[in-house]
Peer 1: 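This is the structure I want to talk about, given as structure tokens.
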Amino acid sequence: MNALPKHVVSTTLTSADWSNSHLIASNVADEVAALKQGSGQDILINGSGDLIQSLLPLGLIDEYRLLVYHIVVGAGKRLFRDGAAASLKVVETQTFPTGVVLLRYQPA
């Protein structure tokens with residue numbers, strides 16, 4: 001993980017000190033679009049519903065990989081907020097021995 005390039009989107013950080021990290025503090029949509037045009041590997045968003053919400057209406061998300069755990073907590077942040085439109089098709093489902101389910105979706 002340390003060797004992989006990382007792009008940190010933040011409005012509060014002034015630097016990204018982790019190895020191979022680059023800070024994106026403004027023009028997020030333009031920066032992500034430029035990354036997608038590059039020759040690198042897949043771009044992963046780990047645990048940022050707010051970032052997903054900003055990229056969703058711009059068509060900058062090619063795939064959703066959701067891990068569903070068998071724990072009910074009753075509250076939390078929603079991935080798709082009220083008014084967010086996402087027409088998705090299932091491209092893969094996989095159940096692991098632990099009961100965790102991987103769901104892969106792509107825009108329909």
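Keep in mind it's a predicted model, so treat the numbers as computed, not measured. Position 1 is the first residue of the sequence; numbering continues from there.
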Peer 1: Report whether Val91 and Val68 are members of the same hydrophobic cluster (ILVMFWY, side-chain heavy atoms less than 4.5 Å apart, transitive linking).
Peer 2: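 No, it is not one cluster - the side chains of Val91 and Val68 are not joined through contacts under 4.5 Å.
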Peer 1: Taking a hydrophobic cluster as the set of Ile, Leu, Val, Met, Phe, Trp and Tyr residues connected by side-chain heavy atoms closer than 4.5 Å, whether directly or through intermediates, do Val90 and Leu103 fall within one such cluster?
Peer 2: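 Val90 clusters together with Leu103.
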Peer 1: Can you run down the side chain to side chain donor-acceptor pair (under 3.5 Å) pairs that involve residues 86-100, sequence neighbours left out, and say none if there aren't any?
Peer 2: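 Residue pairs with at least one partner in residues 86-100: Glu92-Arg104.
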Peer 1: Using the test side chain to side chain donor-acceptor pair (under 3.5 Å), find all partners of Asn2 that sit at least two apart in sequence or belong to another chain.
Peer 2: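 Counting only residues at least two positions away or on another chain, Asn2 forms a side chain to side chain donor-acceptor pair (under 3.5 Å) with Trp18.
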Peer 1: About how many Å separate CE of Met1 and OG of Ser19, when rounded to the nearest 0.5 Å?
Peer 2: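 Separation between the atoms: 11.0 Å.
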Peer 1: Output every pair passing ring-ring contact (aromatic ring centres under 6.0 Å, His included) with a member in residues 34-74, not counting sequence neighbours, ordered by first then second residue.
Peer 2: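 As it turns out, the ring-ring contact (aromatic ring centres under 6.0 Å, His included) pairs with a partner in residues 34-74, which skip direct neighbours, are Tyr64-Phe80.
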Peer 1: When hydrophobic residues are tied together by side-chain contacts of less than 4.5 Å, even through go-betweens, does Leu79 share a cluster with Val101?
Peer 2: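 Both belong to a single hydrophobic cluster.
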Peer 1: Sorted by first residue and then second, give each ring-ring contact (aromatic ring centres under 6.0 Å, His included) pair with at least one member in residues 31-56; sequence neighbours left out.
Peer 2: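 Residue pairs passing ring-ring contact (aromatic ring centres under 6.0 Å, His included), neighbours aside: none found.
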Peer 1: Quick one: side chain to side chain donor-acceptor pair (under 3.5 Å) pairs with a partner in residues 23-40, sequence neighbours left out?
Peer 2: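 Sorted pair list: Lys36-Asp62.
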Peer 1: Test side chain to side chain contact (heavy atoms under 4.5 Å, CB included) on Leu66 and Leu102; report intermediate values, then the result.
Peer 2: CA-CA 6 Å; Leu66 307 176; Leu102 166 67; over 6 Å; no
Peer 1: With ILVMFWY side chains joined below 4.5 Å, transitively, what does Val8's cluster contain besides itself?
Peer 2: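 Its cluster mates, by chain and number, are Leu13, Leu23.
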Peer 1: For Ala33, which residues count as a side-chain contact (heavy atoms from CB on, under 4.5 Å) partner, sequence neighbours excluded?
Peer 2: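 side-chain contact (heavy atoms from CB on, under 4.5 Å) list for Ala33, sorted by chain: Leu60.
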Peer 1: Could you walk me through whether Leu51 and Val28 pass the side chain to side chain contact (heavy atoms under 4.5 Å, CB included) test, one step at a time?
Peer 2: CA-CA 9 Å; Leu51 179 56; Val28 175; 3.8 Å; yes
Peer 1: Mind jotting down which residue pairs meet the ring-ring contact (aromatic ring centres under 6.0 Å, His included) criterion with at least one end in residues 85-108? Sequence neighbours excluded, please.
Peer 2: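 Sorted result for residues 85-108: empty, none.
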Peer 1: Which Ile, Leu, Val, Met, Phe, Trp or Tyr residues join Val73 in one cluster when any pair of side-chain heavy atoms under 4.5 Å counts as a link?
Peer 2: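 In the cluster with Val73 are Ile71.
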Peer 1: For residues 29-61, which residue pairs pass the ring-ring contact (aromatic ring centres under 6.0 Å, His included) check, not counting sequence neighbours?
Peer 2: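 Checked against ring-ring contact (aromatic ring centres under 6.0 Å, His included) - neighbours excluded - no pair reaches residues 29-61.
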Peer 1: How far does CG of Leu44 sit from CD of Glu63, to the nearest 0.5 angstrom?
Peer 2: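 So the CG of Leu44 and the CD of Glu63 are separated by 9.5 Å.
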Peer 1: Gln106 vs Leu88, test: side chain to side chain contact (heavy atoms under 4.5 Å, CB included). Steps then yes/no.
Peer 2: CA-CA 5 Å; Gln106 292 176 346; Leu88 305 173; over 6 Å; no
Peer 1: Compare every heavy atom of Leu56 with every heavy atom of Ile61, then report the nearest pair and how far apart it is.
Peer 2: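 Distance-wise, the nearest heavy atoms are CD1-N, 4.1 Å.
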Peer 1: For Arg65 and Asp42, run side chain to side chain contact (heavy atoms under 4.5 Å, CB included): C-alpha distance rounded to whole Å, both residues' side-chain angles, the deciding distance at 0.1 Å, then the answer.
Peer 2: CA-CA 12 Å; Arg65 293 181 188 180; Asp42 292 342; 3.9 Å; yes
Peer 1: Return the set of residues passing side chain to side chain donor-acceptor pair (under 3.5 Å) with Ser10 (not counting sequence neighbours), or none when no residue passes.
Peer 2: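 Listed in chain order: Thr12.
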Peer 1: Supply the atom-to-atom distance Leu35 CG to His22 NE2, rounded to the nearest 0.5 angstrom.
Peer 2: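 Reported value, rounded in 0.5 Å steps: 9.0 Å.
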Peer 1: Under the rule for side chain to side chain donor-acceptor pair (under 3.5 Å), what residues qualify as partners of Asp17, not counting sequence neighbours?
Peer 2: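 Residues passing side chain to side chain donor-acceptor pair (under 3.5 Å) with Asp17: Ser15.
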